[in-house]
Amino acid sequence: MRGLDLDYMLGLVPVILGYVPLTLGMAAAGMVLALILASLLAVERVFRLPWLDWAVVLFISFFRGTPLLVQLFLFYYGLPQVLSVLTSIDGVTAAIMGLTLHFSAYMAETIRAAILGVDRSQWEAAQSIGMTQLQMMRRIILPQAARVAAPTLVNYFIDMIKGTSLAFTLGVTEMMGAAQKEAAGSFLYFEAFLVVALIYWAMVELLSQGQKRLETYLNKAYAR
Amino acid sequence: MISIRGLTKSFNGTAVLDGIDLDIAPGERVVIIGPSGTGKSTLLRCLNFLDHPDAGRITIGEVTLDAARATRAEILALRRRSAFVFQNYALFANKTAKENIMEALVTVQGRPKAEAEARALEVLAETGLADKADSYPASLSGGQQQRVGIGRAMAIGAELMLFDEPTSALDPEWVGEVLDLMRRVAARHQTMLIVTHEMQFAREIADRVIFMHGGKIVEEGAPEQIFGAPKDERLQRFLKRLTH
(Lines give C-alpha, C1' and ligand atoms only; values in the text may rest on other atoms or scores of the structure.)
Protein backbone atom coordinates (compact mmCIF):
# COMPACT_ATOMS: atom_id res chain seq x y z
CA MET A 1 0.00 0.00 0.00
CA ARG A 2 1.41 3.35 -1.00
CA GLY A 3 -0.04 6.86 -0.96
CA LEU A 4 -1.32 8.60 -4.10
CA ASP A 5 1.26 10.74 -5.84
CA LEU A 6 -0.95 13.83 -5.99
CA ASP A 7 1.76 16.08 -7.42
CA TYR A 8 2.23 13.68 -10.29
CA MET A 9 -1.52 13.60 -10.90
CA LEU A 10 -1.83 17.39 -10.89
CA GLY A 11 1.07 17.61 -13.30
CA LEU A 12 -0.58 15.07 -15.55
CA VAL A 13 -3.95 16.87 -15.75
CA PRO A 14 -2.86 19.57 -18.25
CA VAL A 15 -1.07 16.93 -20.34
CA ILE A 16 -4.22 14.80 -20.67
CA LEU A 17 -6.42 17.88 -21.11
CA GLY A 18 -4.30 18.67 -24.15
CA TYR A 19 -5.83 15.60 -25.81
CA VAL A 20 -9.43 16.55 -25.02
CA PRO A 21 -9.84 18.38 -28.36
CA LEU A 22 -8.85 15.22 -30.25
CA THR A 23 -11.23 13.07 -28.21
CA LEU A 24 -14.11 15.53 -28.57
CA GLY A 25 -13.26 16.07 -32.21
CA MET A 26 -13.47 12.37 -33.00
CA ALA A 27 -16.72 12.07 -31.04
CA ALA A 28 -18.24 15.15 -32.68
CA ALA A 29 -17.28 14.06 -36.18
CA GLY A 30 -18.59 10.57 -35.47
CA MET A 31 -21.80 11.99 -34.05
CA VAL A 32 -22.54 14.26 -37.00
CA LEU A 33 -21.84 11.50 -39.52
CA ALA A 34 -23.77 8.93 -37.46
CA LEU A 35 -26.78 11.27 -37.21
CA ILE A 36 -26.88 11.71 -40.97
CA LEU A 37 -26.45 8.00 -41.67
CA ALA A 38 -28.91 7.00 -38.92
CA SER A 39 -31.57 9.39 -40.26
CA LEU A 40 -31.24 7.89 -43.73
CA LEU A 41 -31.39 4.35 -42.33
CA ALA A 42 -34.40 5.23 -40.15
CA VAL A 43 -36.34 6.83 -43.00
CA GLU A 44 -35.62 3.79 -45.15
CA ARG A 45 -36.88 1.51 -42.37
CA VAL A 46 -40.07 3.56 -42.13
CA PHE A 47 -40.81 3.52 -45.87
CA ARG A 48 -39.24 0.10 -46.55
CA LEU A 49 -37.93 0.47 -50.06
CA PRO A 50 -38.23 -3.06 -51.47
CA TRP A 51 -34.76 -3.19 -53.06
CA LEU A 52 -32.95 -1.68 -50.08
CA ASP A 53 -34.73 -2.81 -46.94
CA TRP A 54 -32.95 -6.13 -46.54
CA ALA A 55 -29.55 -4.43 -46.80
CA VAL A 56 -30.47 -1.88 -44.13
CA VAL A 57 -31.81 -4.60 -41.83
CA LEU A 58 -28.59 -6.55 -42.30
CA PHE A 59 -26.44 -3.46 -41.67
CA ILE A 60 -28.24 -2.59 -38.44
CA SER A 61 -28.19 -6.18 -37.26
CA PHE A 62 -24.43 -6.55 -37.87
CA PHE A 63 -23.35 -3.30 -36.25
CA ARG A 64 -25.57 -3.82 -33.22
CA GLY A 65 -24.64 -7.45 -32.96
CA THR A 66 -20.86 -7.18 -32.81
CA PRO A 67 -18.59 -5.37 -30.31
CA LEU A 68 -17.23 -1.95 -31.24
CA LEU A 69 -13.68 -3.13 -30.58
CA VAL A 70 -14.08 -6.03 -33.00
CA GLN A 71 -15.47 -3.67 -35.65
CA LEU A 72 -12.54 -1.25 -35.20
CA PHE A 73 -10.00 -4.05 -35.57
CA LEU A 74 -11.84 -5.39 -38.58
CA PHE A 75 -11.65 -1.96 -40.25
CA TYR A 76 -8.18 -0.95 -39.31
CA TYR A 77 -6.23 -4.18 -39.31
CA GLY A 78 -8.44 -6.49 -41.34
CA LEU A 79 -10.02 -4.66 -44.25
CA PRO A 80 -6.80 -3.16 -45.69
CA GLN A 81 -5.57 -6.71 -46.33
CA VAL A 82 -8.59 -7.27 -48.56
CA LEU A 83 -9.18 -3.81 -50.00
CA SER A 84 -5.93 -2.20 -51.01
CA VAL A 85 -7.48 1.31 -51.15
CA LEU A 86 -7.74 1.21 -47.36
CA THR A 87 -4.05 0.56 -46.70
CA SER A 88 -3.30 4.26 -46.23
CA ILE A 89 -6.15 4.84 -43.73
CA ASP A 90 -4.94 6.41 -40.48
CA GLY A 91 -6.11 5.48 -37.00
CA VAL A 92 -8.18 8.60 -36.40
CA THR A 93 -10.11 8.18 -39.65
CA ALA A 94 -10.65 4.50 -38.98
CA ALA A 95 -11.88 5.24 -35.47
CA ILE A 96 -14.32 7.89 -36.70
CA MET A 97 -15.57 5.50 -39.38
CA GLY A 98 -16.01 2.71 -36.88
CA LEU A 99 -17.82 4.91 -34.36
CA THR A 100 -20.05 6.28 -37.11
CA LEU A 101 -21.12 2.87 -38.40
CA HIS A 102 -21.52 1.35 -34.95
CA PHE A 103 -23.58 4.14 -33.42
CA SER A 104 -25.61 4.85 -36.54
CA ALA A 105 -27.10 1.36 -36.19
CA TYR A 106 -28.32 2.09 -32.67
CA MET A 107 -29.41 5.63 -33.46
CA ALA A 108 -31.35 4.48 -36.52
CA GLU A 109 -33.59 2.37 -34.28
CA THR A 110 -34.15 5.31 -31.91
CA ILE A 111 -34.99 7.68 -34.76
CA ARG A 112 -37.24 5.12 -36.43
CA ALA A 113 -39.23 4.64 -33.23
CA ALA A 114 -39.53 8.41 -32.82
CA ILE A 115 -40.77 8.83 -36.40
CA LEU A 116 -43.37 6.11 -35.96
CA GLY A 117 -44.38 7.73 -32.67
CA VAL A 118 -45.76 10.78 -34.48
CA ASP A 119 -49.53 10.39 -34.51
CA ARG A 120 -50.74 8.72 -37.71
CA SER A 121 -53.39 11.37 -38.25
CA GLN A 122 -50.72 14.04 -38.69
CA TRP A 123 -49.21 12.04 -41.56
CA GLU A 124 -52.65 11.91 -43.14
CA ALA A 125 -53.28 15.61 -42.55
CA ALA A 126 -49.97 16.43 -44.27
CA GLN A 127 -50.92 14.22 -47.21
CA SER A 128 -54.44 15.62 -47.37
CA ILE A 129 -53.21 19.18 -47.88
CA GLY A 130 -51.15 17.93 -50.82
CA MET A 131 -47.65 17.81 -49.34
CA THR A 132 -45.09 15.58 -51.01
CA GLN A 133 -43.55 12.89 -48.81
CA LEU A 134 -40.36 14.91 -48.57
CA GLN A 135 -42.25 18.03 -47.43
CA MET A 136 -44.22 15.97 -44.93
CA MET A 137 -41.08 14.44 -43.44
CA ARG A 138 -39.11 17.68 -43.34
CA ARG A 139 -41.79 20.03 -42.02
CA ILE A 140 -44.07 17.89 -39.88
CA ILE A 141 -42.72 14.47 -38.95
CA LEU A 142 -38.95 14.84 -38.47
CA PRO A 143 -39.11 17.99 -36.30
CA GLN A 144 -41.43 16.18 -33.89
CA ALA A 145 -39.42 12.96 -34.04
CA ALA A 146 -36.21 14.90 -33.35
CA ARG A 147 -37.64 16.25 -30.11
CA VAL A 148 -38.61 12.78 -28.97
CA ALA A 149 -35.29 11.23 -29.96
CA ALA A 150 -32.98 14.02 -28.72
CA PRO A 151 -32.45 12.88 -25.09
CA THR A 152 -31.62 9.33 -26.20
CA LEU A 153 -29.31 10.61 -28.92
CA VAL A 154 -27.40 12.64 -26.34
CA ASN A 155 -26.92 9.39 -24.42
CA TYR A 156 -25.36 7.87 -27.51
CA PHE A 157 -23.09 10.89 -27.83
CA ILE A 158 -21.90 10.27 -24.26
CA ASP A 159 -21.29 6.62 -25.15
CA MET A 160 -19.42 7.74 -28.23
CA ILE A 161 -17.10 10.03 -26.26
CA LYS A 162 -16.18 7.09 -24.06
CA GLY A 163 -15.93 4.89 -27.13
CA THR A 164 -13.19 7.10 -28.59
CA SER A 165 -10.85 5.63 -25.95
CA LEU A 166 -10.77 2.49 -28.09
CA ALA A 167 -8.96 4.47 -30.80
CA PHE A 168 -5.94 3.92 -28.55
CA THR A 169 -5.94 0.31 -29.71
CA LEU A 170 -5.52 1.57 -33.29
CA GLY A 171 -2.38 3.43 -32.28
CA VAL A 172 -4.03 6.83 -31.89
CA THR A 173 -2.61 8.92 -29.06
CA GLU A 174 -5.79 10.36 -27.63
CA MET A 175 -6.54 10.80 -23.92
CA MET A 176 -6.24 7.13 -23.10
CA GLY A 177 -3.21 6.63 -25.30
CA ALA A 178 -1.47 9.61 -23.71
CA ALA A 179 -2.17 8.30 -20.20
CA GLN A 180 -0.82 4.91 -21.19
CA LYS A 181 2.40 6.48 -22.48
CA GLU A 182 2.85 8.60 -19.39
CA ALA A 183 2.28 5.63 -17.11
CA ALA A 184 4.73 3.51 -19.06
CA GLY A 185 7.41 6.10 -18.26
CA SER A 186 6.57 6.73 -14.61
CA PHE A 187 5.17 3.32 -13.65
CA LEU A 188 2.41 5.21 -11.80
CA TYR A 189 -0.39 3.38 -13.60
CA PHE A 190 -3.01 3.97 -10.96
CA GLU A 191 -2.49 7.73 -10.92
CA ALA A 192 -2.36 8.03 -14.69
CA PHE A 193 -5.52 6.03 -15.34
CA LEU A 194 -7.31 7.70 -12.43
CA VAL A 195 -6.61 11.10 -13.97
CA VAL A 196 -7.93 10.00 -17.34
CA ALA A 197 -11.02 8.47 -15.69
CA LEU A 198 -11.73 11.67 -13.76
CA ILE A 199 -11.42 13.79 -16.91
CA TYR A 200 -13.84 11.53 -18.83
CA TRP A 201 -16.20 11.66 -15.88
CA ALA A 202 -16.08 15.46 -15.72
CA MET A 203 -16.76 15.75 -19.46
CA VAL A 204 -19.74 13.43 -19.26
CA GLU A 205 -21.10 15.21 -16.19
CA LEU A 206 -20.95 18.53 -18.03
CA LEU A 207 -22.83 16.99 -20.94
CA SER A 208 -25.42 15.46 -18.61
CA GLN A 209 -26.16 18.91 -17.24
CA GLY A 210 -26.78 20.11 -20.76
CA GLN A 211 -28.94 17.06 -21.38
CA LYS A 212 -31.13 17.86 -18.36
CA ARG A 213 -31.66 21.39 -19.63
CA LEU A 214 -32.47 20.06 -23.08
CA GLU A 215 -35.07 17.70 -21.61
CA THR A 216 -36.73 20.45 -19.61
CA TYR A 217 -36.87 22.56 -22.74
CA LEU A 218 -38.27 19.71 -24.84
CA ASN A 219 -40.89 18.77 -22.27
CA LYS A 220 -42.51 22.15 -22.35
CA ALA A 221 -42.46 22.26 -26.14
CA TYR A 222 -45.66 22.97 -28.04
CA ALA A 223 -47.54 23.80 -24.85
CA ARG A 224 -47.74 27.58 -25.14
CA MET B 1 -68.05 19.73 -60.83
CA ILE B 2 -67.28 16.59 -58.88
CA SER B 3 -67.93 13.21 -60.40
CA ILE B 4 -67.30 9.73 -59.06
CA ARG B 5 -67.82 6.61 -61.17
CA GLY B 6 -67.62 2.98 -60.15
CA LEU B 7 -65.47 3.57 -57.07
CA THR B 8 -64.57 0.34 -55.31
CA LYS B 9 -62.39 -0.44 -52.33
CA SER B 10 -61.95 -3.60 -50.34
CA PHE B 11 -59.94 -4.35 -47.23
CA ASN B 12 -58.66 -7.93 -46.93
CA GLY B 13 -61.15 -9.22 -49.46
CA THR B 14 -64.17 -7.46 -47.93
CA ALA B 15 -65.76 -4.88 -50.21
CA VAL B 16 -66.14 -1.64 -48.26
CA LEU B 17 -67.06 0.47 -51.29
CA ASP B 18 -69.04 -1.49 -53.83
CA GLY B 19 -69.29 0.63 -56.95
CA ILE B 20 -70.07 4.20 -55.87
CA ASP B 21 -71.45 6.64 -58.49
CA LEU B 22 -71.94 10.20 -57.34
CA ASP B 23 -72.07 13.68 -58.89
CA ILE B 24 -71.86 16.84 -56.85
CA ALA B 25 -72.67 20.24 -58.33
CA PRO B 26 -70.61 23.33 -57.46
CA GLY B 27 -71.82 24.81 -54.18
CA GLU B 28 -73.86 21.74 -53.33
CA ARG B 29 -73.88 20.44 -49.77
CA VAL B 30 -74.16 16.68 -49.61
CA VAL B 31 -74.49 14.81 -46.34
CA ILE B 32 -73.80 11.08 -46.10
CA ILE B 33 -75.59 9.11 -43.40
CA GLY B 34 -75.74 5.42 -42.59
CA PRO B 35 -74.82 2.81 -40.01
CA SER B 36 -71.22 2.38 -38.85
CA GLY B 37 -68.97 0.34 -41.10
CA THR B 38 -70.87 1.01 -44.31
CA GLY B 39 -68.02 2.81 -46.03
CA LYS B 40 -68.97 6.45 -45.44
CA SER B 41 -65.57 7.46 -44.10
CA THR B 42 -63.79 5.21 -46.59
CA LEU B 43 -65.55 7.04 -49.44
CA LEU B 44 -64.26 10.38 -48.17
CA ARG B 45 -60.78 8.98 -47.56
CA CYS B 46 -60.68 7.50 -51.06
CA LEU B 47 -61.59 10.86 -52.61
CA ASN B 48 -58.51 12.26 -50.86
CA PHE B 49 -56.44 9.13 -51.51
CA LEU B 50 -55.78 8.62 -47.81
CA ASP B 51 -57.05 5.16 -48.69
CA HIS B 52 -56.26 4.11 -52.24
CA PRO B 53 -59.37 2.97 -54.10
CA ASP B 54 -59.09 -0.27 -56.07
CA ALA B 55 -60.90 1.03 -59.13
CA GLY B 56 -63.07 3.84 -60.39
CA ARG B 57 -62.80 7.33 -61.81
CA ILE B 58 -62.70 10.49 -59.74
CA THR B 59 -63.07 13.98 -61.17
CA ILE B 60 -62.66 17.10 -59.07
CA GLY B 61 -62.70 20.22 -61.23
CA GLU B 62 -60.06 19.85 -63.92
CA VAL B 63 -58.40 16.81 -62.39
CA THR B 64 -59.59 13.38 -63.42
CA LEU B 65 -57.88 10.18 -62.44
CA ASP B 66 -58.34 6.50 -62.90
CA ALA B 67 -57.91 5.01 -59.45
CA ALA B 68 -56.51 1.71 -60.67
CA ARG B 69 -53.50 3.38 -62.29
CA ALA B 70 -53.12 6.75 -60.63
CA THR B 71 -49.62 8.18 -60.66
CA ARG B 72 -48.07 9.95 -57.71
CA ALA B 73 -48.39 13.29 -59.52
CA GLU B 74 -52.09 12.71 -60.23
CA ILE B 75 -52.74 11.83 -56.61
CA LEU B 76 -51.03 15.04 -55.46
CA ALA B 77 -53.03 17.07 -57.98
CA LEU B 78 -56.29 15.50 -56.79
CA ARG B 79 -55.47 16.07 -53.12
CA ARG B 80 -54.78 19.71 -53.82
CA ARG B 81 -58.31 20.10 -55.20
CA SER B 82 -59.94 19.08 -51.95
CA ALA B 83 -59.54 19.81 -48.25
CA PHE B 84 -60.11 17.30 -45.49
CA VAL B 85 -61.47 17.85 -41.99
CA PHE B 86 -60.62 14.96 -39.68
CA GLN B 87 -62.65 13.45 -36.89
CA ASN B 88 -59.74 13.80 -34.45
CA TYR B 89 -58.66 17.25 -35.80
CA ALA B 90 -55.18 16.01 -36.82
CA LEU B 91 -53.53 19.38 -36.28
CA PHE B 92 -49.75 19.57 -36.67
CA ALA B 93 -48.58 19.45 -33.05
CA ASN B 94 -45.33 21.28 -33.82
CA LYS B 95 -47.11 24.28 -35.32
CA THR B 96 -49.24 27.02 -33.80
CA ALA B 97 -52.86 27.54 -34.86
CA LYS B 98 -51.71 30.18 -37.32
CA GLU B 99 -48.88 28.03 -38.68
CA ASN B 100 -51.24 25.08 -39.11
CA ILE B 101 -53.30 27.20 -41.48
CA MET B 102 -50.28 28.76 -43.22
CA GLU B 103 -48.59 25.42 -43.89
CA ALA B 104 -50.52 24.44 -47.02
CA LEU B 105 -50.43 27.99 -48.37
CA VAL B 106 -46.65 28.34 -48.06
CA THR B 107 -45.35 24.80 -48.58
CA VAL B 108 -47.87 23.48 -51.08
CA GLN B 109 -49.19 26.55 -52.87
CA GLY B 110 -45.89 28.44 -52.68
CA ARG B 111 -47.46 31.71 -51.57
CA PRO B 112 -45.27 34.35 -49.89
CA LYS B 113 -45.14 34.01 -46.14
CA ALA B 114 -46.57 37.44 -45.39
CA GLU B 115 -49.55 36.83 -47.64
CA ALA B 116 -50.15 33.40 -46.10
CA GLU B 117 -49.95 34.85 -42.62
CA ALA B 118 -52.48 37.56 -43.46
CA ARG B 119 -54.82 34.92 -44.88
CA ALA B 120 -54.34 32.69 -41.81
CA LEU B 121 -55.22 35.53 -39.44
CA GLU B 122 -58.26 36.34 -41.56
CA VAL B 123 -59.43 32.72 -41.37
CA LEU B 124 -58.74 32.55 -37.64
CA ALA B 125 -60.90 35.63 -37.15
CA GLU B 126 -63.72 33.91 -39.04
CA THR B 127 -63.40 30.85 -36.83
CA GLY B 128 -63.51 33.11 -33.75
CA LEU B 129 -59.98 32.19 -32.71
CA ALA B 130 -58.06 35.37 -33.50
CA ASP B 131 -56.67 35.42 -29.95
CA LYS B 132 -55.33 31.85 -30.30
CA ALA B 133 -53.15 32.49 -33.36
CA ASP B 134 -49.93 31.70 -31.48
CA SER B 135 -51.28 28.82 -29.38
CA TYR B 136 -50.13 25.27 -29.98
CA PRO B 137 -52.82 22.59 -30.45
CA ALA B 138 -51.97 21.00 -27.09
CA SER B 139 -53.26 24.09 -25.28
CA LEU B 140 -56.56 24.31 -27.19
CA SER B 141 -59.87 22.63 -26.33
CA GLY B 142 -61.27 19.98 -28.66
CA GLY B 143 -63.75 22.46 -30.10
CA GLN B 144 -61.04 25.04 -30.70
CA GLN B 145 -58.77 22.45 -32.32
CA GLN B 146 -61.50 21.36 -34.68
CA ARG B 147 -62.24 24.99 -35.59
CA VAL B 148 -58.56 25.38 -36.47
CA GLY B 149 -58.84 22.14 -38.45
CA ILE B 150 -61.76 23.57 -40.40
CA GLY B 151 -59.87 26.85 -40.80
CA ARG B 152 -56.90 24.97 -42.23
CA ALA B 153 -59.22 23.39 -44.78
CA MET B 154 -61.01 26.69 -45.53
CA ALA B 155 -57.79 28.59 -46.20
CA ILE B 156 -56.75 26.28 -49.00
CA GLY B 157 -59.67 27.49 -51.10
CA ALA B 158 -60.36 23.98 -52.34
CA GLU B 159 -63.19 23.16 -54.70
CA LEU B 160 -64.42 20.45 -52.36
CA MET B 161 -64.35 20.27 -48.58
CA LEU B 162 -64.60 16.82 -47.04
CA PHE B 163 -65.81 16.50 -43.44
CA ASP B 164 -65.26 13.10 -41.83
CA GLU B 165 -67.49 13.01 -38.73
CA PRO B 166 -66.13 16.37 -37.57
CA THR B 167 -68.03 16.40 -34.27
CA SER B 168 -67.86 12.72 -33.30
CA ALA B 169 -64.75 13.03 -31.14
CA LEU B 170 -65.92 16.19 -29.39
CA ASP B 171 -67.32 16.58 -25.90
CA PRO B 172 -70.98 17.58 -26.25
CA GLU B 173 -70.23 21.10 -25.03
CA TRP B 174 -68.05 21.83 -28.08
CA VAL B 175 -70.30 20.38 -30.78
CA GLY B 176 -72.38 23.54 -31.17
CA GLU B 177 -69.49 25.86 -31.99
CA VAL B 178 -68.13 23.49 -34.62
CA LEU B 179 -71.52 23.10 -36.31
CA ASP B 180 -71.92 26.89 -36.24
CA LEU B 181 -68.65 27.28 -38.09
CA MET B 182 -69.71 24.68 -40.65
CA ARG B 183 -72.93 26.65 -41.21
CA ARG B 184 -70.81 29.73 -41.92
CA VAL B 185 -68.71 27.75 -44.40
CA ALA B 186 -71.88 26.51 -46.06
CA ALA B 187 -73.24 30.04 -46.32
CA ARG B 188 -70.40 30.87 -48.70
CA HIS B 189 -71.59 28.30 -51.25
CA GLN B 190 -68.63 26.07 -50.55
CA THR B 191 -69.08 22.58 -52.02
CA MET B 192 -69.18 20.23 -49.05
CA LEU B 193 -69.35 16.48 -48.62
CA ILE B 194 -70.09 15.68 -44.99
CA VAL B 195 -70.23 12.42 -43.07
CA THR B 196 -72.06 12.99 -39.80
CA HIS B 197 -74.30 11.42 -37.20
CA GLU B 198 -75.84 14.80 -36.35
CA MET B 199 -79.18 14.20 -38.08
CA GLN B 200 -80.73 17.53 -37.08
CA PHE B 201 -77.74 19.30 -38.58
CA ALA B 202 -77.87 17.14 -41.70
CA ARG B 203 -81.51 17.98 -42.21
CA GLU B 204 -80.83 21.67 -41.81
CA ILE B 205 -77.68 22.09 -43.90
CA ALA B 206 -77.94 19.49 -46.69
CA ASP B 207 -79.10 20.11 -50.23
CA ARG B 208 -79.05 16.37 -50.65
CA VAL B 209 -78.77 13.47 -48.25
CA ILE B 210 -77.21 10.15 -49.21
CA PHE B 211 -77.90 6.95 -47.32
CA MET B 212 -75.15 4.36 -47.56
CA HIS B 213 -75.44 0.74 -46.60
CA GLY B 214 -73.07 -2.14 -47.28
CA GLY B 215 -70.70 -0.05 -49.41
CA LYS B 216 -73.48 1.18 -51.71
CA ILE B 217 -75.59 4.27 -52.08
CA VAL B 218 -79.02 2.87 -51.28
CA GLU B 219 -81.13 6.00 -51.37
CA GLU B 220 -80.59 9.70 -51.96
CA GLY B 221 -82.71 12.79 -52.09
CA ALA B 222 -83.65 16.09 -50.48
CA PRO B 223 -83.56 16.01 -46.68
CA GLU B 224 -87.35 16.31 -46.42
CA GLN B 225 -87.70 13.21 -48.54
CA ILE B 226 -85.00 11.15 -46.84
CA PHE B 227 -86.06 11.99 -43.31
CA GLY B 228 -89.78 12.53 -44.01
CA ALA B 229 -90.63 9.82 -46.52
CA PRO B 230 -87.84 7.21 -46.63
CA LYS B 231 -88.51 4.48 -49.20
CA ASP B 232 -85.84 1.86 -48.59
CA GLU B 233 -86.58 -0.44 -45.72
CA ARG B 234 -82.98 -0.29 -44.43
CA LEU B 235 -83.14 3.50 -44.29
CA GLN B 236 -86.47 3.33 -42.46
CA ARG B 237 -84.92 0.98 -39.90
CA PHE B 238 -81.82 3.17 -39.55
CA LEU B 239 -83.88 6.29 -38.89
CA LYS B 240 -86.18 4.46 -36.49
CA ARG B 241 -83.21 3.32 -34.42
CA LEU B 242 -82.01 6.91 -34.14
CA THR B 243 -85.29 8.30 -32.85
CA HIS B 244 -85.86 5.57 -30.28
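In what follows, chains are A, B, ... by sequence order, proteins preceding strands, each numbered from 1.
With a threshold of 4.5 angstrom between heavy atoms, B/N94 approaches chain A through its backbone and through its side chain. For a residue to count as touching a neighbouring chain, one of its non-hydrogen atoms must lie under 4.5 Å from one of that chain's; by this rule B/L91 touches chain A with the backbone only. Within the 4.5 angstrom heavy-atom criterion, only side-chain atoms of B/F86, from C-beta onward, approach chain A.
A donor and an acceptor atom, one from each side chain of B/N12 and B/T14, are nowhere located under 3.5 Å apart.
When A/A126, A/S121, A/P143 are compared by the number of non-hydrogen pairs under 4.5 Å with chain B, A/S121 comes out ahead. Across B/I75, B/T107, B/L140, the residue that shares the most heavy-atom pairs under 4.5 angstrom with chain A is B/T107.
Salt-bridge annotation for B/R45 and B/D164: absent, with no side-chain N of the basic residue lying under 4.0 Å from a carboxylate O of the acidic one. The pair B/R5-B/D23 meets the salt-bridge criterion, since a charged nitrogen lies less than 4.0 angstrom from a carboxylate oxygen. Contact check on B/R152 versus B/E103 returns no salt bridge, with no Lys/Arg side-chain nitrogen under 4.0 Å from an Asp/Glu carboxylate oxygen. A salt bridge does not link A/E215 with A/K212: every distance from a Lys NZ or Arg NE/NH1/NH2 to an Asp or Glu carboxylate oxygen is 4.0 Å or more.
Near-neighbour residues of residues 152-169 of chain A relative to chain B, defined by a heavy atom under 4.5 Å from a heavy atom of that chain, are none.
Using a 30° and 60° split on the angle between ring planes, A/F59 and A/F63 fall in the tilted class, from 30° to 60°.
A distance of 12.0 Å separates CE of B/M1 from CG of B/L160, quoted to the nearest 0.5 Å.
Note on residues 31-49 of chain A: pairs passing side chain to side chain donor-acceptor pair (under 3.5 Å), not counting sequence neighbours, are A/R45-A/D53.
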